[in-house]
Amino acid sequence: MLEAMSTSETDPITLDTLPESEAVQLLLTCCSSPEWARAVVAGRPFGTVSALLTAADDALAGLSEAELDLALAGHPRIGDRPDGPASAREQAAVVTAGDAIRAELAERNREYEARFGHVYLVCATGRSAAELLDILVSRLHNDPRTERGIVREELGKINRIRLRRLVREIGERS
């Protein structure tokens, strides 16, 4: 059922041929917004990874605030125990950070959540714990509207990383 593929932006993708319910469930492993997953699936066939990523970005741009909150709820706090393999990979540098940085991240996470009402979301892939803390501290100065825009941008980056991995993993199963 699954055809071999690579993660080249122009290669065909197997996600196009999966049953709708299976495709939605797989997409929910990338972003926990059901509206986002259904919107992405509704855009099939993509033909290429590049088209899939564009559809994912478009679906994210169209998310209601309530659905954005659902997407955010699917992410652990930066510095908390990761809730799955994707978060563990993305936050790998935080796990090995020193106690002082981890304590500061925990304190600033609480401050951020009190100010904005949701988890601090940042694309953590390839970033050190100190860098993630610096970004968090700087974002505490944003107004809520600006921060909400940044959250959407960061979620888009995370979704793209996770989608590329998903496409690669589906291809490896074939």
Side-chain angles (χ1 to χ4, degrees), residues 1-95 109 112-113 116-127 132 145 147-174:
M1 178 178 172
L2 299 174
E3 60 195 62
M5 43 86 25
S6 73
T7 56
S8 167
E9 296 288 309
T10 59
D11 284 349
I13 59 172
T14 303
L15 192 62
D16 285 345
T17 61
L18 295 177
E20 182 176 338
S21 62
E22 186 178 345
V24 167
Q25 288 305 308
L26 285 170
L27 289 171
L28 286 170
T29 68
C30 298
C31 178
S32 61
S33 162
E35 184 180 303
W36 176 85
R38 286 190 299 269
V40 173
V41 168
R44 297 186 305 171
F46 307 112
T48 64
V49 174
S50 180
L52 167 63
L53 298 176
T54 298
D57 291 345
D58 291 346
L60 177 60
L63 281 187
S64 67
E65 291 301 310
E67 281 293 315
L68 183 58
D69 287 337
L70 287 175
L72 292 172
H75 291 270
R77 286 182 187 101
I78 297 291
D80 277 2
R81 181 183 198 121
D83 60 356
S87 294
R89 278 188 300 273
E90 293 159 2
Q91 292 193 42
V94 177
V95 173
N109 272 321
Y112 180 96
E113 289 173 20
F116 297 110
H118 57 79
V119 69
Y120 159 59
L121 187 75
V122 63
C123 183
T125 301
R127 292 182 165 155
L132 294 170
R145 183 175 180 194
E147 186 57 24
R148 203 67 168 177
I150 292 170
V151 164
R152 280 187 189 264
E153 289 173 19
E154 294 297 309
L155 182 58
K157 292 175 191 176
I158 295 165
N159 288 350
R160 284 173 156 260
I161 289 168
R162 290 180 176 187
L163 284 167
R164 283 186 179 104
R165 179 176 298 281
L166 176 66
V167 166
R168 185 174 60 249
E169 289 172 355
I170 292 171
E172 289 171 356
R173 286 191 264 162
S174 58

Side-chain contact, heavy-atom cut-off 4.5 Å: R164 with L53?
yes

Considering residues at least two apart in sequence or located in another chain, which fulfil the salt bridge (charged side-chain N to carboxylate O under 4.0 Å, His left out) criterion with R152?
E65

Using 0.5 Å steps for rounding, measure from the CD atom of E153 to the CG atom of L60.
10.0 Å

Could you tell me the separation between the CD atom of E169 and the OG1 atom of T14, rounded to the nearest 0.5 Å?
12.5 Å

For the student: nearest non-hydrogen atoms of A23 and L15, plus distance
CB-CD1, 4.0 Å

Inter- and intrachain pairs under side-chain hydrogen bond (donor to acceptor under 3.5 Å, both in side chains), touching residues 34-47, at least two apart:
none

Which distance, rounded to the nearest 0.5 Å, do you find between the CZ of R162 and the OG1 of T125?
8.5 Å

Taking only residues two or more places apart in sequence, or in another chain, which ones meet I150 in a side chain to side chain contact (heavy atoms under 4.5 Å, CB included)?
R139, N142, T146, E147, E154

pair L155-H75: side-chain heavy atoms closer than 4.5 Å
yes

Could I get the full list of ring-ring contact (aromatic ring centres under 6.0 Å, His included) partners for F116, not counting sequence neighbours?
Y112

Considering residues at least two apart in sequence or located in another chain, which fulfil the side chain to side chain contact (heavy atoms under 4.5 Å, CB included) criterion with V119?
L72, R77, E113

Spatial distance of atom CG (L63) from atom SG (C31) [nearest 0.5 Å]
6.5 Å

side-chain contact (heavy atoms from CB on, under 4.5 Å) for V40 and L163? Distances and angles first, verdict last.
CA-CA 11 Å; V40 173; L163 284 167; 5.7 Å; no

Side-chain (N109) to main-chain (I78) donor-acceptor, under 3.5 angstrom
yes

Between D16 and G47, what is the shortest heavy-atom contact and its length?
OD2-N, 2.8 Å

Can you list every side-chain hydrogen bond (donor to acceptor under 3.5 Å, both in side chains) pair that touches residues 52-61, not counting sequence neighbours?
D57-R160

Taken to the nearest 0.5 Å, the spacing of L28 CG from L26 CG works out to 9.0 Å

Just wondering, do L68 and H118 contact through their side chains at under 4.5 Å, heavy atoms?
no

I158, I161, L166 screened by side chain to side chain contact (heavy atoms under 4.5 Å, CB included) with C30, the one that passes
L166

Let me confirm one number: the CD-CG distance from E22 to L27, rounded to the nearest 0.5 Å.
10.5 Å

